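Taking it in order: structure first as structure tokens, then the write-up.
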Number of protein chains: 2
Amino acid sequence: MKNRRHKEILEIITQYDIGTQTELANLLRMRNFQITQATVSRDIKELGLVKSTDSNGNHKYVLPMDSSSGRELTRLERVIMDTVTEVDSTENLVLVKTLPGSANLLASLLDHSGWLEMMGTIAGDDTMLIIVKDKDNVPLICERIQKKMG
Amino acid sequence: MKNRRHKEILEIITQYDIGTQTELANLLRMRNFQITQATVSRDIKELGLVKSTDSNGNHKYVLPMDSSSGRELTRLERVIMDTVTEVDSTENLVLVKTLPGSANLLASLLDHSGWLEMMGTIAGDDTMLIIVKDKDNVPLICERIQKKMG
DNA sequence: CTATTTGCTGAATAATTATGCATGCATATG
DNA sequence: CATATGCATGCATAATTATTCAGCAAATAG
């Protein structure tokens with residue numbers, strides 16, 4: 001039941017400060033996983049856990065922030081996350097509301113984003129319109145933006 | 001000499017895949033740092049480096065994304081990072097060039113940033129001016145922005 | 001100037017982690 | 001059924017890393 005154990009490991013390391021694999025193996029054994037340090041070593045490798053040094057100089061296993069997301073956010077993604085407040089649509093138009101002053105920036109980024117479904121954008125101060133070629137793609141575009149809004 | 005070495009270590013690990021401390025120590029010795037694995041162990045601790053497992057199952061030392069900054073970036077910081085291209089100053093004015101269309105957004109964020117040294121901002125399309133109360137504070141403001149530019 | 005403190009380091013070694021090999025189990029294959 | 005294949009695992013141990021102890025040099029205090 002490796003999977004069950006992996007979940008347990010993630011819970012344990014968020015709850016306790018685990019400094020060594022033996023320590024973790026012991027906690028797991030208390031929770032009825034009958035395993036050894038060798039297995040923990042493999043689990044840690046598979047989970048992508050990492051032994052980091054905290055501010056007090058102590059070592060501790062953690063799941064690195066960026067291993068869950070896997071990659072850097074692009075500029076477009078960051079700007080969407082930071083400025084978009086609302087997404088709506090009618091027919092072949094997507095209407096995006098942003099914080100004041102941001103709509104032009106966002107439009108400019110989208111124009112260069114390579115999203116082929118778009119014919120173009122128009123932006124005011126806090127509102128932007130995306131004109132979509134085929135209205136079947138409107139939900140796709142909306143979803144793409146909404147997923148990045150956080 | 002430790003500081004110089006730390007910089008070198010960061011350069012090395014971004015350039016090569018370093019799997020062990022001995023490996024790193026050898027590279028450093030080739031570069032005229034006369035040190036041993038013990039010192040590398042301490043350096044790694046101080047730098048906050050972390051031995052992570054890549055997708056091929058190989059181990060490798062890296063500087064975790066989030067340990068350098070230690071915290072989430074604010075919206076202001078992200079926007080500066082994403083849009084500012086140039087910072088200059090004369091007298092009590094700081095002139096900030098941005099990517100086209102971003103200056104207003106940036107100005108608006110700065111207006112609400114609580115940077116007390118500023119009297120106010122004026123923004124065009126890709127240029128923003130910060131009016132600083134006391135011209136002694138101009139270098140401070142410039143530096144603050146430049147540090148966030150990446 | 002001498003003593004003391006502080007920081008950095010290597011050597012040796014303790015502590016920890018990764019792995020080669022063997023085993024058991026489950027499932028596919030002939 | 002007999003055999004093969006693929007995991008997951010423990011054991012033993014190799015490989016790697018962290019630390020203890022001692023030395024040394026520079027800075028600081030007396």
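In the text below, chain A, chain B and the rest are named by the order of the sequence lines, each starting its count at 1. Just so we're clear, the structure is a prediction, and the values are computed from it rather than from any experiment.
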Side-chain heavy atoms of A:Arg31 within contact of A:Ile12, under 4.5 Å: yes

B:Leu49 CG - D:dA18 P separation (whole Å): 11 Å

Nucleotide D:dT16, atom P - distance to CD1 of A:Ile44 in whole Å: 18 Å

Euclidean distance, atom OH of residue B:Tyr61 to atom P of D:dA18 [Å, nearest integer]: 6 Å

Sugar-phosphate only, base, or nothing, as touched by B:Thr20 at under 4.0 Å among non-hydrogen atoms: sugar-phosphate

Under 4.0 Å protein heavy-atom contact, by nucleotide of nucleotides 5-14 of chain D - B base, S sugar-phosphate only: ---SSBB---

Protein-nucleotide distance (B:Lys51, atom NZ; C:dT17, atom P), rounded to Å: 10 Å

A:Ile145 side chain reached by A:Lys147 side chain, heavy atoms, under 4.5 Å: no

Gap between atoms CD and C1', on A:Gln21 and D:dA18 respectively (whole Å): 14 Å

Verify same cluster id: B:Tyr61, A:Val50 (apolar side-chain graph, 4.5 Å): no

Contact summary for A:Gln21 and A:Ser41, nearest pair of heavy atoms: OE1-CB, 3.2 Å

Whole-Å gap separating C1' (D:dT17) and CG (B:Leu47): 16 Å

Distance, rounded to the nearest Å, where A:Leu24 contributes CG and C:dT17 contributes C1': 13 Å

Donor on one side chain, acceptor on other, B:Thr127 and B:Lys97, under 3.5 Å: yes

Note, A:Leu110 side chain near A:Trp115 side chain (heavy atom, < 4.5 Å): yes

Rounded interatomic separation in angstrom, taking CG from B:Leu28 and P from C:dG10: 11 Å

Minimum-distance nucleotide to B:Ser41 side chain [options: C:dT17, D:dT16, D:dT19]: D:dT19

NZ/NE/NH1/NH2 to OD/OE distance under 4.0 Å, A:Arg5 and A:Asp43: yes

Sugar-phosphate, base or nothing in reach of A:Phe33, heavy atoms under 4.0 Å: nothing

N/O (side chain, A:Lys45) to phosphate O (OP1/OP2, C:dT19) under 4.0 Å: yes

